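Notes follow the structure.
Atoms within each ligand, like the ligands themselves, are counted from 1 in listed order. Excluded from the calculations below are hydrogen atoms, water molecules and symmetry mates; all remaining heavy atoms, backbone and side chain alike, are included. No experiment lies behind these values; they were computed from the predicted model shown.
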Amino acid sequence: MNWDEFPEWGARISDWAADYHKTIRDRPVRAQTAPGDIAVQLDQTPPEASTGMDTIMADFERIVMPGITHWQHPRFFAYFPANAAPPSMLAEMLVSTIAAQCMLWQTSPAATEMETVMLEWLRQAIDLPDGFSGVIQDSASSATLAAVLTMRERALNWKGNQMGLSGQPRLRIYCSAEVHTSVDRAIWVAGIGQDNLVRVPVKGALRGMDPDALRALIQQDIADGHQPAGVIACTGGTGTGASDDLAQVLQIARDFDLYSHVDAAWAGAGMICPEFRALWAGVELADSIVFNPHKWLGAQFDCSAHFLRDPSSLVQTLAIQPEYLKTHGHDNLINYSEWSVPLGRRFRALKLWFLIRSYGLEGLRTRLRNHVAWAQELCEQLRADARFDIVTDPILSLFTFRLTGKDDAAMIDYVNRINDDGRIYITQTRVDGQIVVRFQVGQFDATQADVNVARDVMIALI
Ligand code: PLP
């Protein structure tokens with residue numbers, strides 16, 4: 001394709017995108033294809049000759065689209081949302097066009113400088129204290145890995161990268177069983193080992209870490225000659241929205257001089273609404289916090305906002321400066337690749353700039369508030385129906401339930417029946433050993449009518 005042909009295809013694909021979104025309610029939310037259905041339709045060898053865009057686009061519609069699960073469908077109630085609001089999509093089109101690698105300030109000063117300012121906007125929006133600095137990571141998993149590597153280096157007096165872990169005391173990191181598996185993976189990748197991820201029992205309706213148990217486990221490890229390195233807390237855990245009492249948990253981390261990280265990948269977006277901030281009261285005590293604007297806030301994947309009380313610990317852990325990455329003549333510049341594991345980085349701040357300016361914080365708050373209100377309303381409707389048993393109450397817009405008197409196999413059958421029907425999409429999780437339906441409202445175009453459809457489907461398919 002040459003640049004003369006590009007505008008026609010750009011316009012056609014942009015029309016296709018608008019049409020896709022306007023008619024998306026007519027599609028089943030979850031792909032209805034069987035394993036292998038798509039692969040079998042793809043040529044098994046690469047073409048030697050060029051294929052026209054007309055053919056490629058027709059094949060895209062015919063082969064690819066049936067195998068897509070529609071994350072932008074307003075009746076997507078599974079997992080967590082992955083909203084791609086239109087202004088953020090448009091920014092991404094510009095970013096793809098420019099296709100700059102923004103690893104250093106000089107490789108695109110606008111990207112670095114806008115990233116600094118956008119993270120400052122987000123810091124203010126979620127009301128973190130002045131002084132926290134931010135960086136955009138590709139995913140919350142990467143932010144958590146960066147935090148765990150910082151815990152490791154700090155605990156080893158900054159010698160781990162050089163000397164490895166052998167001959168060192170066992171490093172111990174504490175979290176509850178409600179954290180996302182990205183924490184387990186970070187522990188594996190950092191070489192700390194799953195056996196050194198200490199699970200603190202949870203208590204209360206928010207299923208948060210028991211602070212007394214946390215303190216006792218740290219003390220026991222010290223007595224056993226192990227080396228506590230960090231605490232990972234969560235606000236809005238994946239399964240049920242579990243949230244630690246940050247004021248207590250992070251204070252304990254401080255008492256033992258441990259680095260702390262808060263994973264608020266989903267729930268963090270909710271903190272733009274002052275009335276939800278009680279959920280993470282005490283967060284200002286954290287050393288590191290992540291939330292994903294690419295989940296609930298509307299920024300196209302990928303975009304994880306990672307805030308640091310003092311970025312120098314992270315930079316000391318990750319920075320490496322071969323001659324080819326030096327920026328001579330400019331001291332004290334931020335080179336964000338020194339704040340993250342991957343070197344290459346996309347210009348992710350642009351979509352935040354488009355998104356936040358286009359909606360304004362108040363426009364974003366309205367959406368989130370609606371989602372929370374509709375989820376709570378639906379939960380109360382199901383609670384009033386004897387056929388449903390609410391297992392965990394809504395935390396923001398997420399709650400879980402079982403069908404009264406049904407076993408796990410029947411619950412899985414119920415979830416499959418609903419998703420095969422196609423009008424809505426939900427997923428299951430396990431709470432205290434039992435399968436439950438996990439229901440969250442968070443898609444940007446969802447309306448109360450869509451949530452009512454969910455209620456009707458969930459009743460009809462019992
Ligand atoms: N933390 C929590 C609480 C999550 O729910 C998720 C994903 O849903 C993650 C971390 C991982 O997010 P990411 O895909 O950005 O790595």
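- Here is the list of ligand 1 atoms found below 4.0 Å of a heavy atom in Ser182: 10 (C).
- Inspection of the Arg152 and Asn161 side chains reveals an N or O donor paired with an N or O acceptor under 3.5 Å.
- Counting only non-hydrogen atoms, the option in Gln137, His294, Arg185, His180 that gets closest to atom 11 (C) of ligand 1 is His180.
- The ligand atoms of ligand 1 that sit less than 4.0 angstrom from a heavy atom of Thr238 are 2 (C), 3 (C), 4 (C), 5 (O).
- Under the 4.0 Å criterion applied to side-chain N and carboxylate O atoms, Arg75 and Asp445 are not assigned as salt-bridge partners.
- Here the protein heavy atom with the shortest distance to atom 1 (N) of ligand 1 is Asp263 OD2, 2.6 Å.
- Scanning the protein for heavy atoms near atom 8 (O) of ligand 1, the closest one is Lys295 CE, 3.2 Å.
- Closest to atom 13 (P) of ligand 1 among all protein heavy atoms lies Ala140 N, 3.6 Å.
- The protein atom (non-hydrogen) at minimum distance from atom 16 (O) of ligand 1 is Ser141 OG, 2.5 Å.
- Ligand 1 has no nitrogen or oxygen under 3.5 angstrom from a nitrogen or oxygen of Trp266.
- Every side-chain contact (heavy atoms from CB on, under 4.5 Å) that Ala247 has, sequence neighbours left out, goes to Asp245.
- Under 4.0 angstrom from ligand 1, the non-hydrogen atoms of Asn292 all belong to its side chain.
- The ring pair (Phe, Tyr, Trp, His ring centres under 6.0 Å) test with His70 singles out one residue from Tyr20, Tyr425, Phe76, and that residue is Tyr20.
- Salt bridge status for Arg25 with Asp450: present, with a side-chain N to carboxylate O gap under 4.0 Å.
- Of all atoms in ligand 1, numbered sequentially from 1 with element shown, those under 4.0 Å from a heavy atom of Phe80 are 5 (O), 8 (O).
- Between Arg345 and Glu115 there is a salt bridge, since at least one side-chain N of the basic residue sits less than 4.0 Å from a carboxylate O of the acidic one.
- A side-chain donor from one of Gln321 and Glu338 sits under 3.5 Å from a side-chain acceptor of the other.
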